[in-house]
Amino acid sequence: MWTFTTPGAALLASRANDEWPSSPMEGRVAAADGEGRGPRSPTRSRAPLAVNTRPSTHPTRAPKTIRAAVDVMGGQNPNGSERGYATRLQTTERGAEPRLGGIIVGAETKHFLCIDPEAIPKHFDAAEAERRWDAEWEKQGTYHYDPSRPRSETFVVDTPPPTVSGSLHIGHIFSYTHTDLLVRYKRMRGFNIFYPMGWDDNGVPTERRVQNYFHVRCDPGAEYDSSLRLEPATAKQRKDRPRIVSRQNFIELCHDVTREDEKAFKQLWRRAGLSVDWREEYATVDDRSRQLAQLSFRDLFEKGHVYTAHAPFMWDVDFQMALAQADVVDREQAGATHQIEFGVEGTDRRFTISTTRPELLPACVGVTAHPDDERYRHLFAERAITPLFRVPVPIFPSERADPDKGTGILMVCTFGDATDVEWWREQGLVLRQLIGRNGRLLTVEFGTDAFPSLDADSANRTYAEIANKTVSQARKRMVELLREPAGSATGGGAPLQSEPEVIRHAIKFYERGERPLEYVPTRQWFVRLLDKKAELLAKGDEVQWHPDFMRARFRDWTENLQLDWCISRQRYFGVPIPVWYPLDAEGKPDYVNPIVAEPDQMPVDPITEAPKGADGAQRDRPGGFTGEADVFDTWFTSSLTPQIGSHWRLDPARHKKLFPADVRPQAHEIIRTWAFYTIAKALLHEGSIPWKHVVVSGWVLDPERKKMSKSLGNAITPMPLLEKYTADGARYWSASARLGTDTAIDEKIFKVGKRLATKIYNAGKFVLSQTTERLEIETLHNELDRAFAAKLRQLVARATDAFEELDHAQALVETESFFWNYFTDTFIELAKSRARSEGDPAGRGSAVAALRLGLNVLLRLFAPFQPYITEEVWSWAFAQETAQPSIHRATWPSAMDFRDVPAPGDEGSFDLATACWSAINKAKADAEVSMGRAVETLTVGATAATLERLAAVQDDVFAGARVREYRLEQRGNLEEGAFEITDAVYAER
RNA sequence: GGGCACGUAGCUCAGUGGGAGAGCGCCGCCUUGACACGGCGGAGGUCGGCGGUUCAAUCCCGCCCGUGCCUACCA
């Protein structure tokens with residue numbers, strides 16, 4: 001028996017690929033071609049042409065015409081699904097009424113359906129179709145995860161939760177489409193897809209957005225106002241001081257705003273056709289995420305992986321919070337080196353240090369030079385005297401001092417940079433903290449134990465000049481002070497030895513910050529990572545990176561890690577650190593013995609809730625407890641996305657089925673954060689990798705080839721592009737880019753994608769309107785049809801290979817070029833006239849069958865790329881024929897689709913037909929007549945061998961070219977396969 | 001400073017040890033019974049530069065130039 005639409009069970013035998021299962025039934029596939037049965041997918045039945053004949057469960061909605069048609073048709077619905085019916089209704093309601101198109105005879109007699117082209121709108125209304133199919137997919141549960149199926153048949157995606165407070169831009173569509181392409185392919189390969197979607201809403205971006213939106217500031221000491229309702233601030237209001245709101249009010253405002261932001265994202269995702277299972281939606285501040293983040297903390301605490309410490313650490317003076325190494329970026333800034341003369345205690349010796357931070361002179365706690373530096377060796381036992389403040393400080397040798405930098409000798413301050421912190425620790429230097437948490441110079445008094453001075457009065461007078469100033473103001477004033485000879489530590493004139501020399505150098509900033517970081521001693525929580533570099537590197541190597549060179553990003557970052565992970569943030573909107581500290585009799589917190597919340601208490605807010613068994617009245621009372629006010633670093637929660645999806649610790653059976661995930665898509669700039677922390681968490685919690693594959697998308701660049709981002713102001717909003725070029729068009733643009741490759745945005749590509757959808761629409765309309773009525777089809781009789789099918793079969797193999805290698809762009813190029821070059825431009829044109837011929841029933845049946853085979857297979861190959869148009873055309877007839885209401889759950893094309901198609905007599909006959917046809921077209925173009933113009937007569941010249949091979953397909957060629965009479969002429973001077981058209985006489989118009 | 005990626009037609013990008021490609025744009029023609037949201041035909045490139053390996057290099061190797069990113073330094 002021959003069939004033309006066969007979402008068969010057996011899959012194309014693809015290359016062995018150990019780590020990347022090609023199919024849920026891998027291993028059985030190759031052996032059981034034609035016999036393998038897919039798991040539970042309704043399409044995996046052996047009744048490919050069946051039409052739903054079950055009595056409708058919605059008889060009142062069933063149009064009579066359809067019911068009549070259905071009653072006529074034989075066959076069975078293989079799985080009793082009623083879904084097919086919904087689609088049929090849909091189609092019918094829109095006026096494209098399917099009707100019997102012909103009969104296929106064989107072991108079983110089947111019918112196929114065709115459409116009335118007049119009933120299909122001339123132009124495809126994409127916006128309408130996008131809304132309609134989105135609703136339909138939701139209704140049908142097309143993208144639902146089936147928890148009853150085993151892990152081996154499941155494909156798990158760890159979705160990136162976008163920061164909803166960030167601006168939506170076209171880059172979102174780009175990278176999320178890449179994921180969706182893979183997901184849709186895997187779904188059609190029979191996998192049970194787990195594709196959740198989360199929103200990352202906690203953290204600084206949301207707080208900042210809320211502050212601006214309502215023009216408010218949070219004051220944790222303020223009273224909660226349960227009736228507070230705020231409107232977005234007006235321009236006038238913004239000129240006033242921000243309104244102060246309580247912590248709880250502030251958090252509520254954050255929730256309000258993120259709820260709205262999530263809606264916008266979700267709307268865009270749905271419009272773009274992401275095949276997410278929306279039942280698996282989560283937010284990183286929702287109850288489950290908070291609970292899991294807190295459970296994560298407790299697990300790490302119990303395992304000894306977290307600790308709290310009071311120490312100088314990187315601090316953003318604007319946000320006033322501590323930072324992790326991953327939050328910090330270098331920025332090139334203008335600076336200046338200042339040469340400042342120091343004295344040596346009890347001598348008249350002197351030396352000159354070089355510094356870019358003269359304002360820290362009052363915080364100088366030591367001086368150091370390289371131990372082998374002949375210029376300074378003799379000073380190492382001495383104490384230096386600082387200028388202006390006359391503070392004696394130790395001079396010590398250090399290998400870290402570079403004799404070639406600056407003057408070779410430098411001052412150590414508390415704290416100018418990370419090296420200062422290290423010297424301070426190693427040498428046991430005193431602490432003279434100068435920079436406050438708000439970035440201004442603290443008030444200090446010289447002549448005290450903490451700030452000794454040989455001339456306290458003068459020091460205090462001088463310091464008064466810079467106290468309370470910001471760092472940059474203080475620096476400016478300090479330079480002026482250093483120009484005055486009175487401040488000299490040696491009596492040798494102005495301490496500043498020369499004019500500051502302007503340089504450009506890299507300064508550490510918080511990535512969202514505007515002022516340089518400072519090192520400020522604070523108490524923070526940390527996750528121990530430095531002692532686990534080797535394990536982290538090993539896990540990174542266990543993961544497969546696509547493209548592979550992205551692996552190096554992870555390795556570089558991990559190898560260069562300098563600090564443990566600081567996870568506490570002095571913010572309000574986030575996941576609270578679930579900890580209380582006992583208070584001693586004097587009301588001082590005991591940080592050494594924190595009380596960690598019990599698992600069954602989580603999620604918990606230690607600011608409003610008490611430890612288990614404690615009396616809330618004991619809060620902040622001597623002998624009682626105090627709640628930790630800090631929240632977690634956003635990444636502490638985001639690094640759990642695989643576990644949030646799998647419900648780790650909440651549902652162990654589910655977790656076992658969904659963890660580790662198969663694939664993690666992400667952008668390359670967050671390898672150091674999201675990927676790194678996620679690998680770290682999986683290692684610390686379970687000694688596992690979090691996912692098997694990381695798929696890295698490139699960036700979207702603006703036409704100037706700059707990265708598109710809100711901060712650069714070059715971000716393009718996606719919705720207008722989706723509306724202008726359709727979702728399928730936008731997806732086409734995304735799909736054109738290979739993984740890891742940055743892509744300049746180019747609307748021309750969107751346009752091409754829209755054009756492709758239009759062409760699919762029109763080709764579908766044409767093919768499905770071809771009928772054989774009551775004629776019988778047995779097999780592909782015709783050489784051209786067989787040669788076309790053979791080519792199509794090769795395309796299927798190539799597209800499948802490309803997807804298996806995660807090269808969606810290649811799969812698209814292959815499919816698109818085949819569709820255009822071999823299907824619409826040639827095969828349809830050549831088979832067209834036979835498909836309508838009255839005198840050749842077998843040839844006509846063969847043509848119609850081959851056209852439908854081509855359309856059916858190509859639609860499925862395009863389905864991941866253009867989900868809307870393919871679903872639309874699929875719904876016209878194939879949905880019913882296959883009893884598979886959605887193409888997105890139909891089976892990916894494979895050798896099974898061709899199992900009953902005979903091989904052509906000559907593999908090259910399709911190309912030969914095309915060549916001859918093109919030659920005639922060229923003759924017409926040269927004669928400036930239309931392609932549709934009939935040709936009264938012409939002569940075709942070719943070699944004898946070529947003409948002989950042409951014989952099998954020449955009827956289609958001349959019919960397609962509308963040639964009435966032709967003469968074949970042997971030409972020995974032409975190349976094999978080449979044609980020359982002469983003596984063409986064109987018909988009158 | 002170290003590393004990775006990239007450099008091919010006006011633009012956006014494929015590609016391969018032996019013939020230089022696609023789409024868009026451009027030029028000319030054609031309103032054909034799926035499609036003018038279309039079709040046919042055509043022009044257009046010293047494959048960043050210089051060396052090397054090879055019978056043969058756009059492709060492999062080295063150096064250089066340019067672009068982007070990661071990472072480091074940051075007196």
Side-chain angles (χ1 to χ4, degrees), chain A residues 117 120 122-124 126 330 332-333 335 337-340 352-357 368-369 400-412 416-420 503-508 547 549-557 559-560 562 668-669 671-672 698-699 701 703 705-707 726 729 733 736-738 740-749 751-770 809-810 813 816-817 820-821 824-825 828-829 832-833 836 851 917-918 920-934 962 989:
Chain A
I120 305 284
K122 183 159 175 63
H123 295 306
F124 177 52
D330 286 352
E332 279 275 314
Q333 295 275 304
T337 54
H338 305 74
Q339 318 288 321
I340 301 171
T352 301
I353 60 104
S354 173
T355 182
T356 54
R357 299 206 59 181
T368 188
R400 292 166 189 270
D402 181 350
D404 295 330
K405 277 190 179 168
T407 55
I409 190 164
L410 66 146
M411 67 172 181
V412 178
D417 60 25
T419 327
D420 278 352
I503 56 165
R504 286 199 72 79
H505 59 163
I507 307 283
K508 283 192 192 307
F549 63 77
M550 291 296 177
R551 179 189 300 279
R553 301 276 176 96
F554 178 85
R555 199 187 309 122
D556 285 356
W557 174 257
E559 281 172 351
N560 286 305
Q562 304 287 329
H668 50 75
E669 82 275 22
I671 289 174
R672 57 140 79 172
W699 282 343
L701 309 175
R705 302 201 70 83
K706 292 267 182 292
K707 186 197 171 189
T726 78
W733 164 74
S736 301
R738 289 167 310 145
T741 305
D742 296 346
T743 302
I745 184 143
D746 185 352
E747 288 198 31
K748 289 180 300 192
I749 312 293
K751 204 169 147 188
V752 173
K754 186 181 179 186
R755 200 174 67 117
L756 174 63
T758 303
K759 194 73 172 176
I760 291 173
Y761 182 81
N762 286 316
K765 191 157 65 167
F766 172 75
V767 168
L768 292 176
S769 62
Q770 303 307 302
Q810 182 64 22
V813 160
E816 182 193 18
S817 123
W820 226 278
N821 294 327
T824 62
D825 287 350
I828 286 183
E829 296 299 332
K832 190 183 265 183
S833 117
R836 287 188 288 238
L851 286 167
W917 192 61
S918 292
I920 299 171
N921 285 342
K922 181 159 166 50
K924 286 180 176 176
D926 290 346
E928 298 191 350
V929 303
S930 99
M931 292 303 125
R933 183 80 71 88
R962 295 175 203 184
R989 293 176 62 181

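The model shown is predicted, which means the values in this text are computed figures rather than measured ones. So that the names make sense, note that chain A is the first sequence line, chain B the second, and so on, each numbered from 1.
Between the side chain of A/Arg504 and the main chain of A/Glu332, a donor-acceptor pair closer than 3.5 Å is present. Between the A/Lys924 side chain and the A/Met931 main chain, a donor and an acceptor come within less than 3.5 Å of each other. Judged by distance alone, with hydrogens and angles left aside, the side-chain atoms of A/Asp742 form a donor-acceptor pair with the main-chain N or O of A/Trp699 at under 3.5 Å. No donor-acceptor pair closer than 3.5 Å links the side chain of A/Gln339 to the backbone N or O of A/Thr337. In terms of modelled atom types and a separation under 3.5 Å, the side chain of A/Thr407 and the main chain of A/Thr352 share a donor-acceptor contact. A/Asn821 contributes a side-chain N or O that, together with a main-chain N or O of A/Ser817, makes up a donor-acceptor pair within less than 3.5 Å.
Straight-line distance between the C1' atoms of B/C73 and B/G3: roughly 15 Å, to the nearest whole Å. A gap of 15 Å separates the C1' atoms of B/G33 and B/G39, to the nearest Å. When the P atom is compared between B/G42 and B/A36, the two are found 24 Å apart, to the nearest whole Å. Annotation: B/G38 and B/A43 have their C1' atoms spaced 22 Å apart (nearest Å). Between B/C24 and B/C37, the distance separating the two P atoms is 15 Å to the nearest Å. Taking the P atom of each, B/A9 and B/C61 are spaced 22 Å apart, rounded to whole Å. To the nearest whole angstrom, the two P atoms, one in B/C40 and one in B/A34, are 15 Å apart. Only the C1' atoms considered, B/C70 is 46 Å distant from B/C27, to the nearest whole Å.
When rounded to the nearest whole Å, the span between CD of A/Gln810 and C1' of B/G15 equals 9 Å. Whole-Å rounding puts the A/Lys748 NZ to B/G23 C1' distance at 9 Å. Counting to the nearest Å, the C1' atom of B/G38 and the CZ atom of A/Phe766 are 15 Å from each other. When the C1' atom of B/C73 is taken as reference, atom CG of A/Leu410 falls 14 Å away, rounded to whole Å. Between the CD1 atom of A/Ile760 and the C1' atom of B/A34 there is a distance of 13 Å, rounded to whole Å. Taking atom CD1 on A/Ile749 and atom P on B/G25, their separation rounds to 11 Å, with Å as the unit. One can place CZ of A/Arg504 at 13 Å from C1' of B/C74, the figure rounded to the nearest angstrom. Atom CG of A/Asp402 is separated from atom P of B/C74 by 9 Å (rounded to the nearest Å).
Remark: the A/Asn762 side chain and the B/C37 base include no donor-acceptor N/O pair separated by less than 3.5 Å. One N or O donor and one acceptor, one from the side chain of A/Glu829 and one from the base of B/A34, sit under 3.5 Å apart. Donor-acceptor pairing under 3.5 Å, judged by distance alone, is present between the side chain of A/Thr758 and the base of B/C37. The base of B/G33 sits with one of its N or O atoms less than 3.5 Å from a complementary donor or acceptor on the side chain of A/Arg962.
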Review point. Which is it for A/Arg357 and A/Asp417 under the side-chain contact (heavy atoms from CB on, under 4.5 Å) test, yes or no, and what are the steps along the way?
Key: CA-CA 10 Å; A/Arg357 299 206 59 181; A/Asp417 60 25; over 6 Å; no
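Aromatic stacking is marked for A/His123 over B/C37, as both cut-offs hold: 5.5 Å for the centres and 30° for the planes.
Geometric assessment of A/Lys765 against the ring of A/Phe124 yields a negative cation-pi assignment under the 6.0 Å and 45° thresholds.
A/Lys122 has a side-chain polar atom (N or O) that falls below the 4.0 Å cut-off from OP1 or OP2 of B/A36. In terms of phosphate contacts, A/Thr356 brings a side-chain nitrogen or oxygen within less than 4.0 Å of OP1 or OP2 of B/A75. Regarding contacts with the backbone of B/A34, a side-chain N or O of A/Arg836 is found under 4.0 angstrom from either OP1 or OP2. Note on A/Arg738: a side-chain N or O is less than 4.0 Å away from OP1 or OP2 of B/G15. In this model, the phosphate group of B/C4 is not approached by any side-chain N or O of A/Arg553 to a distance below 4.0 Å at OP1 or OP2.
For A/Asn560 and A/Val767, each mapped to the nucleotide of RNA chain B holding its nearest heavy atom, the one lying further toward the 5' end belongs to A/Val767. Heavy-atom distances to RNA chain B give each of A/Gly932 and A/Ser736 a nearest nucleotide, and the one nearer the 5′ end belongs to A/Ser736.
Note on A/Asp330: a base of the nucleic acid sits closer than 4.0 angstrom, heavy atoms only. Residue A/Val813 is classed as having no contact, given no heavy-atom separation below 4.0 Å to the nucleic acid. Within the 4.0 angstrom heavy-atom criterion, base atoms lie near A/Ile828. If you check every strand for non-hydrogen atoms under 4.0 Å, A/Arg400 touches a base. Base engagement by A/Ala401 is indicated by at least one non-hydrogen atom pair under 4.0 Å involving a base atom. Note on A/Ala763: a base of the nucleic acid sits closer than 4.0 angstrom, heavy atoms only.
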Are there any protein N/O atoms within less than 3.5 Å of an N/O atom in nucleotides 39-42 of chain B, and if so, which ones and at what distance?
{"unit_1": "B/G39", "atom_1": "OP1", "unit_2": "A/Lys759", "atom_2": "NZ", "d": "3.2"}
{"unit_1": "B/G39", "atom_1": "OP1", "unit_2": "A/Trp820", "atom_2": "NE1", "d": "3.0"}
{"unit_1": "B/C40", "atom_1": "O2'", "unit_2": "A/Asn921", "atom_2": "O", "d": "3.4"}

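A/Trp733 and A/Glu747 are not linked by any side-chain donor-acceptor pair at a separation below 3.5 angstrom, with hydrogens and angles left out of the test.
Here the nucleotide nearest the side chain of A/Ser930, chosen from B/C30, B/C69, B/C11, is B/C30.
Across every non-hydrogen atom of A/Lys832 and A/Phe766, the tightest pair is CG-CZ, 3.5 Å. Between A/Ala809 and A/Arg738, the shortest heavy-atom contact is CB-CG, 3.7 Å. Heavy atoms only, all atoms of each residue included: A/Ile828 and A/Val767 are closest at CD1-CG2, 4.2 Å.
In this structure the side chain of A/Arg962 never reaches within 4.5 angstrom of the side chain of A/Arg933, judged on heavy atoms.
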**Study point:** Secondary structure of RNA chain B in dot-bracket form (Watson-Crick or G-U wobble, distances below 3.5 Å, | marking inter-strand pairs)
**Key:** (((((((..((((....[..)))).(((((.......))))).....(((((..]....))))))))))))....
